[in-house]
Structure formats: C-alpha cells, structure tokens
Amino acid sequence: MPELPEVEVTRRALAPFVEGERVQAVVVRERRLRWPVPARLAAQLKGQRIERLERRGKYLLWRFAHGTLISHLGMSGSWRVHPGAAPPAGAHDHVDIVIAGRKPSVLRLTDPRRFGALLWHPARSGDARRHPLLSHLGPEPFDPRFDAEHVFRHTRQRRAAIKQVLLAGDLVVGVGNIYASESLFRAGIDPRLAAHRLTRARCERLAAAVRAVLTEAIEVGGSTLRDFVGADGAEGCFMLEAFVYDRAGQPCRICRTPIRRIVQGSRATYFCLRCQTRAGRS
DNA sequence: AAACTTACCTGGTGGC
DNA sequence: TGCCACCAGGTAAGTT
C-alpha cells in the first residue's frame, strides 16, 4: 500500500524522466478514479513543460508553469516508467503521460481499485498546497517543525488512541496503517494508549521513531528503484521485514512474545504486549 | 467548534 | 469449479 515512503520512492524514480521535459500526449483510458479525471486534462498538458516533481504527504505534485497536476495513489495505485514506448495497456492501466524530447518515455498510472486521484489545479487558483485536499495536512515527518513539542501540543486534547491519532494525518502526514504500527513498536508505545497521556519523553520517542521508520523504508525502496523503470518489475515490497505489521501470532523479533492483532477504528493494529507499554519508559 | 466515528469506493482472495 | 463474504486504506461526510 502506498504510504509516504512509496510515494517518495516513486517521486525519485520518476523525477529524472519528467523534470524539465515536455508532455507530448496524455492518454486517459478510464477517468473514473476516486474523482473523475478532468475531461480537459490532455488538452491542458499537451506541449507543456514539467518543471518539478514534488511530494506533499502522499500526494505527488507535478509542477507546470500554468498549474499543478495532483496525483494520489490511493490503496492500489502505482506509476511506472517505460523508457521509449510502453507495452500494450492492461485492464487497470488508466492513464499514460507520454514524454517527448531527448529521453522519450511513457509514465503509466495503474490502479486496480481506482481509489487514486488525478486532478488539475490551475496556477490562477493559487498555490496547489492550498488545494482543499492539501490545505489541512499536518507537517511533513522530516520537517523540523515535527518534533516532540509539536507532538505533545497536538495530543493534549486528543482522547483517542495514539494509533488512530497518528493515522489521522493532522499530527503528521504520510503515516498509514503499516507505518503507524511500526512506528509505535519502535517507540515502545502501546497503540491503545490515549494520545493525551503521552509524556513529553514519549512524544520525543514517537517523533524520532516515525522519522526513523519512514527514512529506512525510503532507503530500502531506494534499492528497488529500478523496478519502477523496468517494464515488468514486480510491485515494490519496500519494507523488507516488518517488526509487527501482519505478523499476528508470530514471535516478536525482540522478545519472542507472540505479536497481537487488534482492531482500532475498524482497521488492524499489530503490536507486542511486552515491548510496547501504556506507561513508564521502554 | 473540534474531536471522533462511520461509510464508501473496488477488486483480490480465502474458505467452503 | 464457483460463489460470496470479507478485507484492504485514505478520505468525506456525518455525529457528538
């Protein structure tokens, strides 16, 4: 599932193929994503130059002089680079962006469940970061503003479990279900703990854990970067070995206690009863 | 008004 | 072999 690391790895893989290059054509085979792909998208992008490829949370921002193409991968989406020409499109290959110039390539959006999005934000509407989907997002995990003090302040009124607060996206962006469990394991915090009960010290541990887990995931993904470029590379399986996620019943990699699976807000949480506590240190 | 909860979108799959 | 309930995750909308 694409969370922040997967999106960042995607950004790094695509950037060399798109930054500074012009769009020759956009082929939309299926516009029914989470929201309809704008009908005029192809006309709007044709011949235009992509200045930069940026990321905000789990969104990719394709910066043009006249606006920004906003893409989100949802649960099952992926972008793949096909240098030169692309193979015939499969059932779930919804959009191609054809790049002309010295490095011709086709960027193909595949999304079986179609929970992803592809939206156009014209420059005249202001900066894309003020788009309704982006405006309320919390800080980036690698932003210096995301620190212990920030976590402490933004959890004082939150009585919900820290796992769910972490997932909500306003404390910090980019942490989905997988990395929420992994980060809490790394920080030694019981996912059921009410957020406002976090001590300052544990806020520090949590912020550091989120940064570390995401950093490592990006690094691991970095080694599989060429899978994005290859025509038939397997979809990235970026987290080489999760400590807790999807490991119910299997022994904790630290203490051998069987990993527990619980449901919070109708989604699965995995944790170690021994390594992760409601209070105290560890 | 902010915090919290729930439903929704779709396709793959595991169990019978 | 075929069917079907269920699960996945991020977001919007609804509720307290």
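In what follows, every chain begins at residue 1, and chains take the letters A, B, ... in the order their sequences are listed. Everything quoted here is computed from the prediction, not taken from an experiment.
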For this session: Determine: side-chain N/O of A:Y179 to OP1/OP2 of C:dG9, distance under 4.0 Å, yes or no.
Result: no
Exercise. A:L167 has an atom CG; how far is it from atom P of C:dA12, in whole Å?
Worked result: 15 Å
Exercise. Base, sugar-phosphate, or nothing for A:A168, non-hydrogen atoms under 4.0 angstrom?
Worked result: nothing
Exercise. With no hydrogens and no angle check, is any side-chain donor or acceptor of A:T155 less than 3.5 Å from a backbone partner on A:F152?
Worked result: yes
For this session: Could you check how far CZ of A:R159 sits from C1' of B:dA1, rounded to whole Å?
Result: 17 Å
For this session: Using heavy atoms to find the nearest nucleotide of DNA chain B for A:R267 and A:Q157 separately, return the residue whose nucleotide is more 5′.
Result: A:Q157
Exercise. Do any side-chain nitrogens or oxygens of A:H72 fall under 4.0 Å of OP1 or OP2 in C:dG10?
Worked result: no
For this session: Could you tell me whether the side chain of A:R158 and the main chain of A:H196 form a donor-acceptor pair under 3.5 Å?
Result: no
Problem set entry | A:L171 CG to B:dA2 P, straight-line distance once rounded to whole Å | 17 Å
Exercise. Does A:E182 come within less than 4.0 Å of A:R186, counting only side-chain N to carboxylate O?
Worked result: no
For this session: Would you mind telling me which of C:dG10, B:dG12, C:dA8 lies closest to the side-chain atoms of A:K58?
Result: C:dG10
Seminar exercise, completed: Nearest-nucleotide check on DNA chain C, A:S266 vs A:L133; residue mapping nearer the 5' end is A:S266
Problem set entry | Between B:dA3 (C1') and A:K163 (NZ): distance, integer Å | 18 Å
Problem set entry | Whole-Å distance separating the CZ atom of A:R34 from the P atom of C:dA12 | 6 Å
For this session: Name the nucleic acid region contacted by A:R114, choosing base, sugar-phosphate or nothing; use a 4.0 angstrom heavy-atom cut-off, strictly under.
Result: sugar-phosphate
Exercise. Does OP1 or OP2 of B:dC4 have a side-chain N or O of A:R158 closer than 4.0 Å?
Worked result: yes
Seminar exercise, completed: Between CG of A:L73 and P of C:dT11 the distance, given in whole Å, is 11 Å
For this session: Find the distance A:M75:CE to B:dG11:C1' and express it as a whole number of Å.
Result: 9 Å
Exercise. Between A:E19 and A:L53, is there a donor-acceptor pair closer than 3.5 Å when you use the side chain of the first and the backbone of the second?
Worked result: yes
Problem set entry | Below 4.0 Å: OP1/OP2 of C:dG9 and any side-chain N or O of A:Y245 | yes
Exercise. Quick one: the side chain of A:R113 and the base of C:dA8, do they pair up donor-acceptor inside 3.5 Å?
Worked result: yes
Problem set entry | Heavy-atom closest contact (A:L4 atom, A:K58 atom, distance) | N-CG, 4.0 Å
For this session: Choose from C:dG9, B:dC4, B:dG12 the nucleotide whose nearest atom is closest to any side-chain atom of A:F115.
Result: C:dG9
Problem set entry | Closest-nucleotide 5' rank along DNA chain B - winner of A:G265 and A:R32 | A:G265
Exercise. How many Å lie between CD on A:Q264 and C1' on B:dC4, as a whole number?
Worked result: 14 Å
Exercise. Base, sugar-phosphate alone, or nothing: which one does A:R156 contact when heavy atoms must sit under 4.0 Å apart?
Worked result: nothing
Problem set entry | Sidechain N-carboxylate O distance under 4.0 Å for A:K103, A:E21 | no
Exercise. Under 4.0 angstrom, heavy atoms only, what part of the nucleic acid is A:G176 near: base, sugar-phosphate, or nothing?
Worked result: sugar-phosphate
